[in-house]
Amino acid sequence: MVEELDIALGPHMSFEGLLVLPKPARIDGRIAGAVMAGASVWVGATGVVEADLEADTIMVEGSVHGDLRARTSIELGPEAVVSGDLTGPRIVVADGACVNGRCKVG
């Protein structure tokens, strides 16, 4: 992730509901509901997201159960586990990542 992070949800934090993130954010805790971001979102290795996620750029190293929609790109690290559809102009899936869903590029 190139951008500097302005918002962080630590590994012992959780949130339920609609989470609106106007600036670059890192999620290392648990989120349930929906996430709408105006910038980049990074789901760290300990992050568990049970929500649809929309952002400019999405990087996943942890697990996501929900659809990912990116305006720029989606990147899945080697330990990422995603159950949901991925939609964006650029999708990168590292060797070892697990995706259970459809990918729509373009």
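Note that the numbering runs from 1 along the sequence shown for the chain. What you see is a predicted model; the values in this text were computed from it and never measured.
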For residues [X] and [Y], report the shortest heavy-atom separation together with the two atoms involved.
X: A39; Y: P24; answer: CB-N, 3.6 Å
X: P78; Y: A94; answer: N-CB, 3.6 Å
X: A70; Y: D56; answer: CB-O, 3.6 Å
X: A51; Y: G33; answer: CB-O, 3.0 Å
X: I74; Y: T87; answer: CD1-O, 3.6 Å
X: I7; Y: P22; answer: CD1-CD, 4.1 Å

Going hydrophobic residue to hydrophobic residue with side-chain gaps under 4.5 angstrom, can you get from [X] over to [Y]?
X: V48; Y: F15; result: no
X: L19; Y: L53; result: yes
X: V60; Y: V93; result: yes
X: V43; Y: V92; result: no

Exercise. Hey, does the side chain of T46 reach the backbone of D28 with a donor-acceptor pair shorter than 3.5 angstrom?
Worked result: yes

For this session: Look only at the side chain of D67 and the backbone of D85, and say whether a donor-acceptor pair between them is shorter than 3.5 Å.
Result: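 Judged by distance alone, yes, a pair lies under 3.5 Å.
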
Roughly how far apart are [X] [atom1] and [Y] [atom2], rounded to 0.5 Å?
X: I91; Y: K104; atom1: CD1; atom2: NZ; value: 10.5 Å
X: R69; Y: M36; atom1: CZ; atom2: CE; value: 8.5 Å
X: I58; Y: R71; atom1: CD1; atom2: CZ; value: 8.5 Å
X: I27; Y: M13; atom1: CD1; atom2: CE; value: 11.0 Å
X: E50; Y: S63; atom1: CD; atom2: OG; value: 7.5 Å

Exercise. Do L76 and L86 touch side chain to side chain, with heavy atoms closer than 4.5 Å?
Worked result: yes

Problem set entry | Cationic N near anionic O, under 4.0 Å, E16 to R30 |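 Looking at E16 and R30, the cut-off is not met.
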
